[in-house]
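Inspection log for the structure reproduced underneath, given as structure tokens.
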Protein chains: 2
Amino acid sequence: MGQFLSRMEPFRRLSQAERLRLAAVAREKRYDKGDTIFRAGQPADAVCVVREGRVHLMKFLEGGQASTTCVMTPGETFCCLPALDGKPYPVDAVAAVDSTVICIPTSAFHELLRKNPAFLQDSLCLFCDRLRQVEDKSCMTYDSVERRLAKSLLMLSKKFGPTIPLTKQELAELANTTQETTIRILSQLSKQGVIRSARGKTTILRPEKLSAFLDP
Amino acid sequence: MGQFLSRMEPFRRLSQAERLRLAAVAREKRYDKGDTIFRAGQPADAVCVVREGRVHLMKFLEGGQASTTCVMTPGETFCCLPALDGKPYPVDAVAAVDSTVICIPTSAFHELLRKNPAFLQDSLCLFCDRLRQVEDKSCMTYDSVERRLAKSLLMLSKKFGPTIPLTKQELAELANTTQETTIRILSQLSKQGVIRSARGKTTILRPEKLSAFLDP
DNA sequence: ATAATGACATGACGTACGTCATAGAAGGAT
DNA sequence: ATCCTTCTATGACGTACGTCATGTCATTAT
């Protein structure tokens with residue numbers, strides 16, 4: 001596990017000794033597809049790193065609608081926010097597929113923040129990235145579903161490459177729309193040759209066409 | 001100015017000496033209503049504190065639509081984010097009314113972060129609050145305009161009390177909708193006695209009725 | 001093999017809400 | 001007063017998209 005963390009932000013710049021101490025207190029947990037890792041409002045006892053699989057950070061709206069704010073892939077760290085301010089988790093975390101997650105007790109994380117300025121700096125940058133991402137999403141309300149989907153697909157292709165392994169339902173939750181509308185729009189895009197759609201995955205064939213939806 | 005800052009987060013816990021040094025490098029600037037304080041993408045040279053007036057953090061969408069992500073009132077600090085990670089401002093800042101803003105060079109801010117752990121901690125908390133707020137907004141896409149407006153009004157009443165000094169257009173930008181729809185919904189709420197609407201301000205008469213829109 | 005489940009797909013229908021047009025009030029400037 | 005600007009208000013109209021209903025494939029389970 002120390003090996004794994006040593007290649008990931010914000011743990012890259014830890015010393016050998018620090019990494020060993022971290023590995024000693026961290027624990028790996030397995031989650032099945034659909035399992036809830038934690039819920040919004042729970043006191044935050046751990047900072048998490050995806051080891052394997054895929055974790056969605058999401059909110060469940062009053063109407064039962066699910067809204068995914070962030071998709072975390074292997075190597076990504078999530079929920080350092082509660083570790084920084086001591087308040088509860090702001091979102092639910094759900095394993096979108098069978099996943100392994102490394103859980104680091106907030107106390108250990110906090111100690112590293114205090115003792116290692118480089119680690120603090122890297123953690124903050126990670127955190128700032130997160131805020132910038134969320135801020136981008138927050139003004140999507142005014143966009144059409146087509147644009148929201150295009151944005152979501154482009155964002156995902158940065159993590160997964162051209163082939164995005166999410167179901168249409170999951171894409172819908174990211175774009176804050178329904179599965180039906182998502183499918184309708186994606187099948188249009190298929191006909192235009194912009195993407196290819198298959199069960200459980202979507203392949204971007206012409207990213208520039210997707211970007212074109214965003215500019216004008 | 002030192003006086004003023006000494007009562008505001010995250011500057012409360014600075015020492016007398018630190019505050020004096022800060023006051024020496026900080027500068028007060030006046031902005032007229034409608035002036036842009038900075039634009040998204042600009043390199044961030046200052047952390048700002050509202051001394052007087054009202055500043056809106058906003059994004060301008062491709063269609064020319066304005067979306068307000070945050071309303072800053074006297075005593076509130078904005079854009080410490082770029083000071084933390086060194087990247088550009090993520091949003092535009094616009095004076096919504098004639099305003100005075102205290103500008104603190106990022107270098108000075110950064111130095112305080114490094115030297116004063118309590119200041120770092122308070123800044124982080126402030127920052128985390130911000131992320132939590134934005135995260136709340138990011139899933140509003142699925143809400144009806146009525147709910148988005150109710151949320152916005154309740155949020156604003158925490159800053160301004162029952163009487164909210166924003167124009168209908170400004171409320172619309174917060175709720176990511178149009179001025180027309182905002183007016184239509186607000187005049188319904190007026191008829192139901194939930195609010196009272198006047199030129200440039202809206203008074204909440206029955207906050208509990210507004211909250212009622214959010215739960216079910 | 002058959003059933004059961006989940007992902008994908010498509011049609012029909014209604015409505016919330018954006019757009020456009022128009023106009024009345026309330027202030028501000030001259 | 002008169003003009004001008006800004007804010008508020010209301011009607012008419014179209015459409016994007018949510019909802020419901022139904023059906024077809026793939027997968028997995030029995």
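Chain letters run A, B, ... following the sequence lines, proteins first and then strands; every chain starts at 1.
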Subject >> Exam field: side chain A/D35 to backbone A/D32, donor-acceptor pair closer than 3.5 Å >> reply: yes

Atom pair distance, as rounded to whole Å: [atom1] in [X] and [atom2] in [N]:
X      : N      : atom1 : atom2 : result
B/E180 : C/dA16 : CD    : C1'   : 14 Å
A/Q188 : D/dC17 : CD    : P     : 10 Å
A/I183 : D/dT19 : CD1   : C1'   : 14 Å
A/Y142 : D/dA16 : OH    : P     : 15 Å
A/R196 : C/dC8  : CZ    : C1'   : 17 Å
B/E146 : C/dG18 : CD    : C1'   : 17 Å
A/D143 : D/dC17 : CG    : C1'   : 15 Å
B/L149 : C/dG18 : CG    : C1'   : 14 Å

Phosphate contact ([N] OP1 or OP2) by [X] side-chain N/O below 4.0 Å:
X      : N      : value
A/T167 : C/dA7  : no
A/K168 : C/dA7  : no
B/S187 : D/dT10 : yes
A/T177 : D/dG18 : yes
B/T181 : C/dC17 : no

**OP:** Select base, sugar-phosphate, or nothing to describe what B/A175 touches, counting heavy atoms under 4.0 Å on all strands.
**Re:** nothing

Original post:
NA contact type, A/A172, heavy-atom cut-off 4.0 Å: base, sugar-phosphate, or nothing?
Top reply: nothing

Subject >> Steps toward salt bridge (charged side-chain N to carboxylate O under 4.0 Å, His left out) verdict (A/E135, B/K59) >> reply: CA-CA 9 Å; A/E135 209 142 53; B/K59 297 223 167 207; 5.7 Å; no

**OP:** Examine the base of D/dT27 for any acceptor or donor lying under 3.5 Å from a partner atom in the side chain of A/R199, and report the outcome as yes or no.
**Re:** no

Original post:
C/dT19 base to B/R184 side chain: any donor-acceptor pair below 3.5 Å?
Top reply: yes

Subject >> Shortest side-chain distance from A/Q179, nucleotide among C/dG18, C/dC8, D/dT8 >> reply: C/dC8

Original post:
Does NZ or CZ of B/R39 fall inside the cone over B/Y89's six-membered ring, less than 6.0 Å from its centre and within 45° of the axis?
Top reply: no

**OP:** Please tell me which of A/Q65 and B/L166 maps to the more 5' nucleotide of DNA chain D, matching each residue to the nucleotide holding its nearest heavy atom.
**Re:** B/L166

Subject >> Option from B/E170, B/H56, B/E76 for which side chain to side chain contact (heavy atoms under 4.5 Å, CB included) with B/V71 holds >> reply: B/H56

**OP:** Could you label the plane-to-plane angle of the A/F119 and A/F11 rings as parallel, tilted or perpendicular, counting under 30° as parallel and over 60° as perpendicular?
**Re:** tilted

